[in-house]
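Worksheet: one structure, shown below.
Atoms considered below: every heavy atom in the structure, side chains included; atoms not considered: hydrogens, waters and symmetry mates. When a ligand or atom number is given, it counts from 1 through the structure's own listing order.
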Amino acid sequence: MWGGRFSEGPSAIMEEINASIDVDRRLWREDIAGSKAHADMLAACGVISGADNTAIRDGLDSVAGEIDRGAFQYSKALEDIHMNIEARLKELIGEPAGRLHTARSRNDQVATDFRLWVRTACRESASALRELCRVLATRAQENADAVMPGFTHLQTAQPVTFGHHLLAYAEMFARDAGRFDDAARRMNECPLGAAALAGTSFPIDREQTAKTLGFDRPCANSLDAVSSRDFATEAMAAAAITATHLSRLGEELVIWTSAQFGFVRLSDAFSTGSSIMPQKRNPDAAELVRAKTGSIVGSLNTLLMVMKGLALAYAKDMQEDKATTFRCFDDLALALAAATGMIGDLKVDRDAMKNAAGGGYSTATDLADWLVRKLNMPFRDAHHVTGSVVALAEKKGAALDALSLKDLQSVEPRITRDVFDVLSVDASVASRTSFGGTAPANVKREAEKWLTRLSKES
Ligand code: ARG
């Protein structure tokens, strides 16, 4: 492509480090779309003839057909997808192919292709996240009144419902989807026509190419257009945050499926066995969802480090943007699909959850609240009295609601029989009706709200 200036070809090592075709061939659709938009615009502006534009478009369609059929011969010597496609176009249509690169450089070309790809990845991630939210809300609706222990420090804290717990994740994942929406909106400016870095002397129409490719407008500064990759780092930052949420869900599935908890059972479709221990059902998918966070956050970090300290405008360092971004979104898509699959068909053991919910004196706060409400005790005093009751229960090896009224009165004589109304786990969750609380009635309502909202979003 630049033979005029060189007398020798590159060394094999140079070719190896320089070529990106094995990675960026994934951009072929975006590259063809960008080239067609560019050729149309050049024709509309009188820079190339209508006949040349037609030849270019037809030729690009043929190239696309070859790639799609798997008949395209990729060449490392041609470095990247842009030159591979252009060289094939030249073979197919001859001279007009050489006019396509007028008022364009690979710098704005790759920035455009890659932005298109990342924009699609953002949209797909957002919609996969909303699908996960739908599944979470559906399962939450079914389990709005399934009582389980809520934890802090992974120590039993207060009873909650499984539905409420699932909807906590729906909140997180919906915010994640929103972050992808925001990123897609912010990146939606078109670099094409920035040329190498300075713009071009040809009378081009950047509004036209921007519009054809579904961008809101052209990038306003040609240097920024070819130098910036924050559209990719922002998208990967959204992916990294999503991955941390997924890793927490993965971790909880691992905990919940353990024999010691036994709260849920993953379907056969999402479990594996052991080659030596016949009894085992391993939550591998949950563990891998948890582990993918490493590569997803690492991908973000990789590109941040590549971009750090680069002088404007384009530098070849930036070619490393694609492998890491592709890996990030491949991992994310797989992790989201696995999480959605696991949540969708896991079996809930309500009895095991409820039994566990009753352990650990989980309704101690309910007793303290009762003392405040009925005996008008300051909460701090009620906390102290309840602490003594828990100590007594511990000594007797009994749950709070298994203590006798006499036992309770030995600590605080004014306690009456109706205290037992608040000591069961069902009563406890039912009482948490404050906005955002875990009461089954709240959870049912929230789950329905989610399902209605999500049915309107794709
Ligand atoms: N393959 C290159 C990349 O992905 C395309 C841009 C090359 N530009 C250049 N001036 N060498 O970044």
Side-chain angles (χ1 to χ4, degrees), residues 1-6 9-11 13-35 37-38 60 63 67 72-90 97-98 100-121 187 190-200 209 213 219 221-233 235-236 299 302-330:
M1 291 282 166
W2 42 71
R5 172 91 171 71
F6 289 75
S11 83
I13 294 168
M14 178 59 200
E15 189 172 294
E16 192 58 34
I17 194 171
N18 201 34
S20 56
I21 185 63
D22 290 343
V23 172
D24 61 27
R25 47 192 283 186
R26 283 178 70 166
L27 292 177
W28 71 268
R29 283 192 185 80
E30 289 78 5
D31 198 67
I32 301 257
S35 288
H38 185 66
L60 287 170
V63 176
I67 298 177
F72 190 88
Q73 290 292 323
Y74 293 99
S75 149
K76 248 194 181 158
L78 290 166
E79 277 193 29
D80 57 23
I81 188 64
H82 323 292
M83 297 211 290
N84 268 269
I85 289 177
E86 194 183 323
R88 180 66 184 136
L89 184 66
K90 180 99 195 279
L100 171 60
H101 215 52
T102 315
R104 181 178 86 167
S105 146
R106 270 190 301 157
N107 296 350
D108 58 335
Q109 189 179 355
V110 73
T112 304
D113 294 358
F114 192 36
R115 236 181 238 239
L116 288 170
W117 192 93
V118 175
R119 187 179 72 183
T120 303
M187 76 180 64
C190 186
L192 197 59
L197 74 164
T200 175
T209 39
L213 295 169
C219 298
N221 182 297
S222 62
L223 290 169
D224 172 53
V226 295
S227 306
S228 294
R229 293 294 182 269
D230 57 285
F231 62 88
T233 47
M236 283 198 277
S299 300
T302 298
L303 186 54
L304 287 171
M305 290 306 101
V306 165
M307 296 306 296
K308 177 188 172 294
L310 286 189
L312 306 191
Y314 178 85
K316 196 64 176 253
D317 308 52
M318 290 159 69
Q319 178 166 278
E320 297 288 313
D321 57 1
K322 284 168 285 297
T324 191
T325 306
F326 292 160
R327 167 146 198 213
C328 177
F329 282 97
D330 288 346

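- Note on ligand 1: Glu79 sits outside its first shell, no heavy atom being nearer than 4.0 Å.
- Around NZ of Lys308, the count of heavy atoms belonging to other residues, nucleotides or ligands within 6.0 Å does not exceed 12.
- Note on Arg115 versus Glu30: no salt bridge recorded, every NZ/NE/NH1/NH2 to OD/OE distance being 4.0 Å or above.
- For ligand 1 and Asp80, the ligand atoms under 4.0 Å from any heavy atom of the residue are 1 (N), 2 (C), 5 (C).
- Every atom of ligand 1 is numbered from 1 in the order shown, and the set under 4.0 Å from a heavy atom of Lys322 is 3 (C), 4 (O), 12 (O).
- For ligand 1, the polar-atom distance check finds no N/O of His82 at less than 3.5 Å from any of the ligand's N/O atoms.
- Considering only heavy atoms from C-beta on, Ser35 comes within 4.5 Å of Asp31 through its side chain.
- Every atom of ligand 1 is numbered from 1 in the order shown, and the set under 4.0 Å from a heavy atom of Gln319 is 1 (N), 2 (C), 3 (C), 4 (O), 12 (O).
- At a threshold of 4.0 Å, the pair Glu86-Arg106 does not count as salt-bridged, since none of the basic side-chain nitrogens sits closer than that to a carboxylate oxygen.
- Cation-pi geometry between Arg229 and Phe114 is not met at under 6.0 angstrom from the ring centre and within 45 degrees of the axis.
- The Ser20 neighbourhood of ligand 1 comprises atoms 1 (N), with distances under 4.0 Å to a heavy atom of that residue.
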